[in-house]
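FYI, side chains are in, hydrogens and waters are out, and symmetry mates aren't considered; it's all heavy atoms of this structure. Residue numbers start from 1 in every chain, and the chains themselves are labelled A, B, ... in the order their sequence lines are given, proteins ahead of strands. Because the structure is predicted, anything quoted here is derived from the model rather than measured.
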2 protein chains.
Amino acid sequence: MDRTAVEGALVARGLRLTRQRRAVLAVVLDSSSQLSALQVYDSVRTVLPEVGLTTVYRTLALLEEIGAVRRVHGDEACESVVPAAAAHGHSVVCDTCGLVEEFTACDISPIAAAAASETGYAITDHFLQLTGTCAACISDAGEKAVG
Amino acid sequence: MDRTAVEGALVARGLRLTRQRRAVLAVVLDSSSQLSALQVYDSVRTVLPEVGLTTVYRTLALLEEIGAVRRVHGDEACESVVPAAAAHGHSVVCDTCGLVEEFTACDISPIAAAAASETGYAITDHFLQLTGTCAACISDAGEKAVG
DNA sequence: GTGCGTGCAAATTCTTTGCAATGCA
DNA sequence: TGCATTGCAAAGAATTTGCACGCAC
């Protein structure tokens with residue numbers, strides 16, 4: 001979801017486009033890593049120093065509600081958010097630099113079917129998150145090994 | 001991992017089997033739903049009233065470390081734990097009653113390959129969690145619909 | 001002008017830490 | 001007996017709430 005789409009979604013709900021919301025939105029959508037509420041707060045304050053932490057929390061909750069951001073699950077930082085580009089996408093987190101990308105080629109139907117037969121559940125939803133090493137970090141590691 | 005295996009893993013590390021650890025272990029392994037630290041605490045106190053919350057936190061961290069419990073990711077309760085039966089398994093959470101089961105038939109290699117080609121990452125790990133309706137709740141719903 | 005949204009500060013909740021006492025191996 | 005482990009209490013961190021003011025519409 002890009003900036004225009006998010007702003008459209010807010011307006012469509014009868015919500016207001018305030019400076020604070022624009023600033024939070026800009027920070028989150030520009031980020032290529034996962035951000036905690038406090039990190040978003042710090043970042044927003046560099047461009048809008050008078051913003052309140054409360055507003056950041058409320059705005060992040062709002063953005064999550066309309067599907068503009070997604071939460072990622074880490075060993076510790078479970079409440080961090082990443083921008084959500086696609087309506088249904090999953091995050092791939094780099095274990096070296098923290099870069100987060102999204103992939104959409106997600107067909108878990110064979111897995112859902114296997115899980116259904118193993119447990120008897122009717123599967124309705126899933127949460128999938130991959131961890132790995134991003135192209136840049138792979139390349140860095142290669143250069144270090146060579147040099 | 002059953003009780004014996006967990007206790008063996010603790011002993012193998014030179015750790016002690018205290019009353020508190022046994023009690024926490026019993027509560028967690030007996031549970032068929034996800035439990036937060038505070039829920040575990042409450043439950044343990046019914047059989048061991050003098051236990052401290054601190055001990056519950058420390059024991060849960062320990063159990064997670066040895067792979068006896070797994071964390072589940074929910075919209076809110078991100079720190080809840082479920083017993084981990086298999087070394088590599090995933091949780092299936094019932095959206096009606098909260099029952100959690102585990103399935104092991106997890107072959108995400110096609111998805112990992114697709115994600116790798118889409119993002120350029122070298123995938124090393126994954127976190128997958130399914131949501132659905134358990135057999136009992138499906139059956140209940142059917143009965144209600146009929147009755 | 002109306003009322004949603006904001007910022008402050010306080011309250012609340014969850015989790016961790018320091019330390020003396022306890023009890024398992 | 002020795003030392004890991006415990007429980008208390010206090011600290012710490014993160015998040016939420018109440019309320020008067022300001023600003024988007």
Side-chain angles (χ1 to χ4, degrees), chain A residues 3 6-28 34-66 68-69 71-81, chain B residues 3 6-28 34-66 68-69 71-81:
Chain A
R3 182 196 176 118
V6 176
E7 296 188 351
L10 289 176
V11 171
R13 289 195 173 208
L15 301 175
R16 294 178 183 172
L17 277 175
T18 61
R19 266 178 310 140
Q20 292 86 343
R21 284 182 180 164
R22 286 181 203 272
V24 170
L25 185 57
V27 164
V28 172
Q34 50 182 283
L35 296 171
S36 68
L38 291 170
Q39 288 173 316
V40 173
Y41 175 62
D42 284 341
S43 192
V44 169
R45 276 167 78 88
T46 62
V47 296
L48 200 65
E50 68 274 23
V51 80
L53 180 54
T54 308
T55 299
V56 172
Y57 276 106
R58 287 191 280 225
T59 304
L60 287 180
L62 190 59
L63 293 180
E64 191 187 1
E65 201 180 315
I66 66 177
V69 305
R71 285 171 194 259
V72 294
H73 175 92
D75 283 346
E76 284 132 31
C78 207
E79 303 298 332
S80 298
V81 297
Chain B
R3 182 196 176 117
V6 176
E7 296 188 353
L10 289 176
V11 171
R13 289 193 174 210
L15 300 174
R16 291 177 185 172
L17 278 175
T18 60
R19 264 177 312 138
Q20 292 87 342
R21 283 182 180 164
R22 287 180 203 272
V24 170
L25 185 57
V27 165
V28 173
Q34 50 182 284
L35 295 171
S36 68
L38 290 170
Q39 287 174 316
V40 173
Y41 175 63
D42 284 341
S43 192
V44 169
R45 276 167 79 89
T46 61
V47 297
L48 200 65
E50 69 273 24
V51 79
L53 180 55
T54 308
T55 300
V56 172
Y57 275 106
R58 287 190 281 226
T59 304
L60 287 180
L62 189 60
L63 293 179
E64 192 187 359
E65 202 180 314
I66 67 177
V69 304
R71 284 172 194 261
V72 294
H73 174 91
D75 282 347
E76 284 133 29
C78 205
E79 303 298 333
S80 297
V81 298

Query raised in the report: Do the non-hydrogen side-chain atoms of A/Leu38 and A/Leu53 ever get within less than 4.5 Å of each other?
Result: yes
Report task. Please report, rounded to the nearest Å, how far the P atom of D/dC8 is from the CZ atom of B/Arg58. Result -> 11 Å
Query raised in the report: Rounded to whole angstrom units, what separation is found between the OH atom of A/Tyr57 and the P atom of C/dC8?
Result: 15 Å
Query raised in the report: Is any side-chain N of the basic residue among B/Glu7 and B/Arg22 closer than 4.0 Å to the acidic one's carboxylate O?
Result: yes
Query raised in the report: Is any side-chain heavy atom of A/Thr46 closer than 4.5 Å to a side-chain heavy atom of A/Val27?
Result: no
**Report entry** Whole-Å distance separating the CG atom of B/Leu53 from the P atom of C/dG18
**Finding:** 17 Å
Query raised in the report: Whole Å only: how far is the CZ atom of B/Arg19 from the P atom of D/dT5?
Result: 15 Å
Requested in this report: Compare all side-chain heavy atoms of B/Val44 with those of B/Thr55 and state whether any distance is below 4.5 angstrom.
Outcome: no
**Report entry** D/dG7 phosphate, OP1 or OP2, under 4.0 Å from B/Thr54 side-chain N/O
**Finding:** no
Report task. Find the distance B/Leu17:CG to D/dT6:P and express it as a whole number of Å. Result -> 11 Å
Query raised in the report: In terms of the nearest nucleotide of DNA chain C, which residue is placed more toward the 5' end: B/Ala37 or A/Arg45?
Result: A/Arg45
Requested in this report: Using heavy atoms to find the nearest nucleotide of DNA chain D for B/Thr55 and B/Gly14 separately, return the residue whose nucleotide is more 5′.
Outcome: B/Gly14
Requested in this report: Let me know the distance between CG of B/Leu48 and P of D/dT5, rounded to the nearest Å.
Outcome: 17 Å
Query raised in the report: Think A/Thr18 has a side-chain N or O under 4.0 angstrom from the OP1 or OP2 of D/dA24?
Result: no
Query raised in the report: Which residue lies toward the 5' end of DNA chain C, B/Arg16 or A/Gln20, if each is placed at its nearest nucleotide?
Result: A/Gln20
Query raised in the report: Roughly how many Å is it from CG in A/Asp42 to P in D/dA13, rounded to a whole number?
Result: 14 Å
Query - Interatomic distance, B/Arg21 CZ vs D/dT5 C1' [rounded to whole Å] - result: 6 Å
Query raised in the report: Just one of B/Gln20, B/Arg19, B/Arg45 clears the side chain to side chain donor-acceptor pair (under 3.5 Å) bar with B/Glu50, so which one?
Result: B/Arg19
Report summary line: Quick note, B/Leu15 side chain, CB onward, closest among D/dA4, C/dT6, D/dT6 is D/dA4
